[in-house]
Amino acid sequence: MKILVLNCGSSSIKYQLFEMPQNKVLAKGLVQRIGEKQSQALQTLNGFAFKIEEKIADHEQAMRCIEKMLTDPAKGVIASLSEIEACGHRVVHGGEIFTGSVICTEEVVREIENNAELAPLHNPANLTGIRAAEKMFGDIPQVACFDTAFHQSIPQTAYLYALPYEMYEKHKIRRYGFHGTSHRYVARAAAEMLRKHKYSVDLITCHLGNGCSVAAIKGGKSIDTSMGLTPLEGLVMGTRSGDLDPAIIFHLIRKGYKAAELDNILNKKSGLLGISRLSNDVRDLQQKEEAGQTAAGLALEIFAYRIKKYLGAYLAVLNGCDAVVFTGGIGENSSAMRRRILAGLENLGLQVDDNKNMAVIGKTGEINTSGARIKIFVIPTDEEGAIARDTFALASEKAVVV
Ligand code: ADP
């Protein structure tokens, strides 16, 4: 069964075409700058690139562009769109309604709309993608996979903020957590590496990419995570501050900053970029630190220190664990960052083997010393693959997706 996985942003669509159940990626691509003067579409297949540069007015037109690239007689992979039997969509916010992936019905679409106030930048874009796909594909199953779903098992003790209770009742203010598809995927992969059942592992999973989050997983289920109502809480990220004293915001408002300005600063100008004033990219910062720029080293050190604190907190929450897992662009590729995070945690059972750590870059591997109490795994994430598998399961009516 051919399944198209779509990740729609407000001005971009990322896509991958899968052959299921073989989990084979037939093609992947990206349409970006939708609605701008010069849009760009790029598809790759076995390292073979296919590029279109023209004005793409909206998501519907972007979907047509994807059709053109997938079905191109010379560079495409299918003869016609009718070969595609289902679409899987990444949807950011599923609120408290969705605990797993679902087939999009009118009711599901309404609930995604209802949750748009919690993710005003993302859910409307995700919906636009669902609608454009419905229009283009007609009657095939459209499946929604939510970033929040895996974290719906978090208990009230961990998801409620210590605010007046009516903030939760009236305004749905609580911890939701994100990156759920990635945390779930690496948790299942870690269970296999541990040769344990997926519901009998205790783990701490660290997704360190452009956005970063940690999850505490007990018996295969998420029981706490660092992101909150929005993806701003928790770890230091490329451009997001993560945790801070909320009074800082009132203090800055009294100094004349506007709410929208602070929103922009905390989301787009903080984190690694804000501290270093150099870059939001760990690769750049590592190079600059080596070249003697102390601001780069400071940003990396603060980034690592925040993760270390969460590892300590979640080791307490879980009363120890089977494994700590690193994933995401930084977690998978930066052995230097992993070493920085794990340094000085030996007494907690986390002992990294430097040689193994240096050797595991961009691939799955175990990087703890042989006698260590807690395993340390690197597992490349595969959010699109996980969405394809959920979509395949639902579309072929094996409705249990966990
Ligand atoms: P996204 O969250 O957008 O999916 P990724 O998971 O690809 O992003 O992570 C992107 C980040 O990964 C980049 O900002 C970069 O800092 C980091 N990264 C990628 N490759 C390396 C590398 N070889 N060494 C250090 N950091 C890396």
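Positions are given from 1, in the same order as the sequence printed here. Atoms within a ligand are numbered from 1 in the order they appear, just like the ligands themselves.
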Are any of the heavy atoms in Gly328 under 4.0 Å away from ligand 1?
yes
Flag Val282 as yes when one of its N or O atoms lies below 3.5 Å from any N or O atom of ligand 1, and as no otherwise.
yes
Can you report which non-hydrogen protein atom sits closest to atom 6 (O) of ligand 1, along with the distance?
Gly329 N, 2.8 Å
Please tell me if atom 4 (O) of ligand 1 is touched by the protein, where touching means a protein heavy-atom distance below 4.0 Å.
no
Can you find an N/O atom of Asp281 closer than 3.5 Å to an N/O atom of ligand 1?
yes
Below 4.0 angstrom, N of the basic side chain to O of the carboxylate: do Arg90 and Glu383 qualify?
no
Which residue and non-hydrogen atom of the protein lie closest to atom 11 (C) of ligand 1, and at what distance in Å?
Ile330 CG1, 4.0 Å
NZ of Lys308: more than 12 outside heavy atoms within 6.0 angstrom?
yes
Strictly below 4.0 Å, N to O, side chains only: are Lys258 and Asp263 in salt-bridge contact?
no
To the nearest 0.1 Å, how far is atom 23 (N) of ligand 1 from its closest protein heavy atom, and which atom is that?
Asn333 CB, 3.4 Å
Pull out every atom of ligand 1 sitting under 4.0 Å from any heavy atom of Gly209, numbered as shown with elements.
2 (O), 5 (P), 6 (O), 9 (O)
Counting heavy atoms not belonging to Asp245, are there more than 12 under 6.0 Å from its CG?
yes
Looking at Arg131 and Glu113, is any side-chain nitrogen of the basic one under 4.0 Å from a carboxylate oxygen of the acidic one?
yes
Of all the non-hydrogen atoms in the protein, which one sits nearest to atom 24 (N) of ligand 1, and at what distance?
Arg283 CG, 3.4 Å
Please check if the distance between the ring centroids of His151 and His183 is under 6.0 Å.
yes
Run the salt-bridge test on Lys288 and Asp281 with the 4.0 Å N-O cut-off and return the result as yes or no.
no
Please determine if Asn210 has a nitrogen or oxygen closer than 3.5 Å to a nitrogen or oxygen of ligand 1.
yes
